[in-house]
Visitor: 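Sharing a structure below in structure tokens format, with a few things to ask.
It should be emphasised that the depicted structure is a prediction, and the values quoted were computed from it without experimental measurement. Excluded from the calculations below are hydrogen atoms, water molecules and symmetry mates; all remaining heavy atoms, backbone and side chain alike, are included.
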Amino acid sequence: MEFSEIHIGMKCGSKKGSGTVTWIDDSTRTIYLSNTQNNNDFEVNFNDIIDDPQAHNQEDSYY
């Protein structure tokens, strides 16, 4: 996935959890996500985004 493909409203998974993109900082390549369960915002670096079409919550596990 390329950084330019990230857009607000997109669902993303990361090492910190899954969420909806709420803001993108191009200068630092930081993506701000809103948690899918409780709407708490958290930030992740673009390199921590999991290039997987499935978005999982932090509590979920991969089968």
Side-chain angles (χ1 to χ4, degrees):
M1 175 184 305
E2 298 294 323
F3 187 76
S4 61
E5 295 176 317
I6 304 291
H7 60 273
I8 293 174
M10 179 178 184
K11 301 276 189 197
C12 288
S14 74
K15 296 175 183 176
K16 292 183 178 181
S18 299
T20 304
V21 176
T22 57
W23 189 58
I24 302 166
D25 186 348
D26 293 333
S27 64
T28 61
R29 295 176 59 96
T30 301
I31 301 164
Y32 295 85
L33 301 174
S34 177
N35 187 297
T36 54
Q37 288 187 330
N38 56 18
N39 290 332
N40 286 336
D41 289 335
F42 60 99
E43 63 182 55
V44 295
N45 186 285
F46 173 70
N47 296 327
D48 293 333
I49 294 293
I50 298 170
D51 193 10
D52 186 340
Q54 300 176 355
H56 296 278
N57 291 321
Q58 220 168 7
E59 296 80 20
D60 291 345
S61 60
Y62 290 89
Y63 298 76

Visitor: Under the side-chain contact (heavy atoms from CB on, under 4.5 Å) test, which residues partner Ser4, sequence neighbours left out?
Guide: Glu2

Visitor: I'd like to check the side-chain contact (heavy atoms from CB on, under 4.5 Å) partners of Asn47; sequence neighbours left out, ordered by chain and number.
Guide: Asn45

Visitor: Would you compute the distance between atom NZ of Lys16 and atom CD1 of Ile50 and round it to the nearest 0.5 angstrom?
Guide: 12.5 Å

Visitor: So, using ring pair (Phe, Tyr, Trp, His ring centres under 6.0 Å) as the criterion, who are the partners of Phe42 when residues are at least two apart?
Guide: none

Visitor: Kindly write out the residues that satisfy side-chain contact (heavy atoms from CB on, under 4.5 Å) with Thr22, not counting sequence neighbours, or none if the list is empty.
Guide: Tyr32, Ser34, Asp41

Visitor: Rounded at 0.5 Å granularity, tell me how far CD1 in Ile49 sits from CD in Glu5.
Guide: 12.0 Å

Visitor: Please round to the nearest 0.5 Å and tell me the distance separating atom CD1 of Ile31 and atom NE2 of His7.
Guide: 11.5 Å

Visitor: Same cluster or not: are Trp23 and Phe46 linked, directly or through other Ile, Leu, Val, Met, Phe, Trp or Tyr residues, by side-chain heavy atoms under 4.5 angstrom apart?
Guide: no

Visitor: Hey, are the side chains of Ile6 and Cys12 touching, using non-hydrogen atoms and a 4.5 Å cut-off?
Guide: yes

